[in-house]
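Below is one structure, written out as structure tokens, with a few remarks after it.
Letters A, B, ... mirror the listed sequences (proteins, then strands); counts begin at 1.
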Amino acid sequence: MKYLKKAFNVFWKDLIIELRSKEMINTMIIFSILVVLISSFAFGQMSTEALDQIAPGVLWIAFIFAGMLGIGRSFISEKDQNCLRGNMLAPVDWSAIYIGKTIGNLFFMLIMELITLIIFVVIFDFGKILTKLPKLTIILLLGTLGFVSVGTLLSAISVNTKTREMLLPVLLFPVTIPVILPVVESTSQLITQEPNILPWIRILTAYDIIFFVLSALIFNYVVEE
Amino acid sequence: MGIIQKIFYYHVSSAWNAFLAFLIVAISSIIYLKTKENKWDIYALSSAEIGVIFSAITLITGSMWAKGSWNTWWTWDPRLTTALVMWLIYASYLTLRKSLKTEKKARLSAVFGIIAFTSVPITYLSIRIWPTIHPNLEFSLMLPAKMTLILSITAFTLLYIYLFHLRTKIEKTKEKIKKLKTTK
């Protein structure tokens, strides 16, 4: 319990920093809205059937690209003035830092996704996706969790490289394809008559657990000096 | 299937080598994190490079065979997708190694080497988990074909061992030269 509270403190600290600067969350939201808008310009003339096929893809491209921006920043603030070492001096296992950061990224991404979803529904006139809201929420939660759990770990790695933000997508996209494929597939299932998302949810859950546990286990080796 | 079937022996053996190489990457990475001995980092690097080459060969030969028997170079079949993703992940592993310059290089690449391994079992098992058009090895092979396959897999494994030996030797020589240069 104490451990979880410490992990939560890391998240709380990041949340306060973010609330004061609003740097990251604003950029993420504006970026994801831009992706939706540009896709709307590009595909706006298509028939409704064609839009049904590409819309889930557009939605997740917006989520993932904007999420990448946020995840990429999550350890940069800690590099400044060696703050990470300050965090590590706290008397708790370092994986608590990882868990706190993951909760933070998950939280920021979910806010961004919520706002993007509203804009997306309005611009693409896609109200039918909201009729399956409980299922959509499950997909969003599981998909985002899988994405941020491995993303946070890889962000801690890529922050040490010279090319930082450039490298993160190259590392993160291939690794998270097992998460991205099921979420896109199951989101497109939602707008069919009888959605069958259970097989995809199973794969998602399995990968979430694997990525989260594995990342929490090896995070210590990333930050040790 | 005629002559096009013969590519099978290269294809399966290369895939086997890729799986073997990536397994060695994961094992070396874990041992490196435990022991911090530099040789394990060299093993991981050498094995990853060989694995990327052999999985590229697998993809190319598979594509050639697909053109002959499915009449298309590529299709988004689960087996093909997971194999391509596996190749991409290890290609990005090599990119990561290139862009890390500091003393952290070995440690951070070892961490990614472990994460990367998540793609290997799913590629191997993909033909059992999902319905796929990729031929399954479990269907009965004729005895001569089985013999040829075993022979070529053995030959490819020996090739892997030889390449691995050469590659680690290059890295070790590099280090020796570096040491000589700095001690002068």
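- The part of Lys36(B) that comes within reach of chain A is its side chain, from C-beta onward, which places non-hydrogen atoms under 4.5 angstrom from that chain.
- Using a 4.5 Å cut-off between heavy atoms, Ser109(B) makes no contact with chain A at all.
- Both the backbone and the side chain of Thr118(B) come within less than 4.5 Å of a heavy atom of chain A.
- Taking the centre of each ring, Phe164(B) and Tyr43(B) come in below the 6.0 Å mark.
- Chosen from Val85(B), Leu88(B), Leu100(B), Leu33(B), the residue pairing most often with chain A at heavy-atom distances under 4.5 Å is Leu33(B).
- Between Glu78(A) and Arg85(A) there is no salt bridge, since none of the side-chain N atoms of the basic residue sits less than 4.0 Å from a carboxylate O of the acidic one.
- Taking the ring centroids of Tyr90(B) and Phe22(B), they lie under the 6.0 Å cut-off.
- One finds the CG atom of Leu204(A) at 11.0 Å from the CD1 atom of Ile209(A) (value rounded to the nearest 0.5 Å).
- Ring pair Phe156(B)/Tyr10(B) is perpendicular by interplanar angle, where above 60° counts as perpendicular and below 30° as parallel.
- Annotation: maximal heavy-atom pairing with chain B below 4.5 Å, among Ile203(A), Asn160(A), Leu181(A), occurs at Asn160(A).
- With respect to chain B, the highest number of heavy-atom pairs below 4.5 Å among Met166(A), Lys162(A), Glu224(A) belongs to Glu224(A).
- Between chain B and the options Val150(A), Leu171(A), Leu154(A), Val170(A), the largest number of non-hydrogen pairs under 4.5 Å is found for Leu171(A).
- A distance-only check finds no donor-acceptor pair linking the side chain of Ser40(A) to the backbone of Val36(A) [under 3.5 Å].
- Among Ile114(B), Thr95(B), Thr82(B), the residue making the largest number of heavy-atom pairs under 4.5 Å with chain A is Ile114(B).
- Salt bridge present: Arg167(B) and Glu171(B) bring a charged side-chain N and a carboxylate O closer than 4.0 Å.
- Using a 4.5 Å cut-off between heavy atoms, Ile177(A) touches chain B through its side chain atoms alone.
- A salt bridge links Lys128(A) and Asp52(A); the closest N-O separation between the charged side-chain nitrogens and carboxylate oxygens is under 4.0 Å.
- Using a 4.5 Å cut-off between heavy atoms, Ile157(A) touches chain B through backbone and side chain atoms alike.
- For a residue to count as touching a neighbouring chain, one of its non-hydrogen atoms must lie under 4.5 Å from one of that chain's; by this rule Phe211(A) touches chain B with the side chain only.
- Contacts between Tyr207(A) and chain B at a heavy-atom distance below 4.5 Å involve the side chain alone, from C-beta outward.
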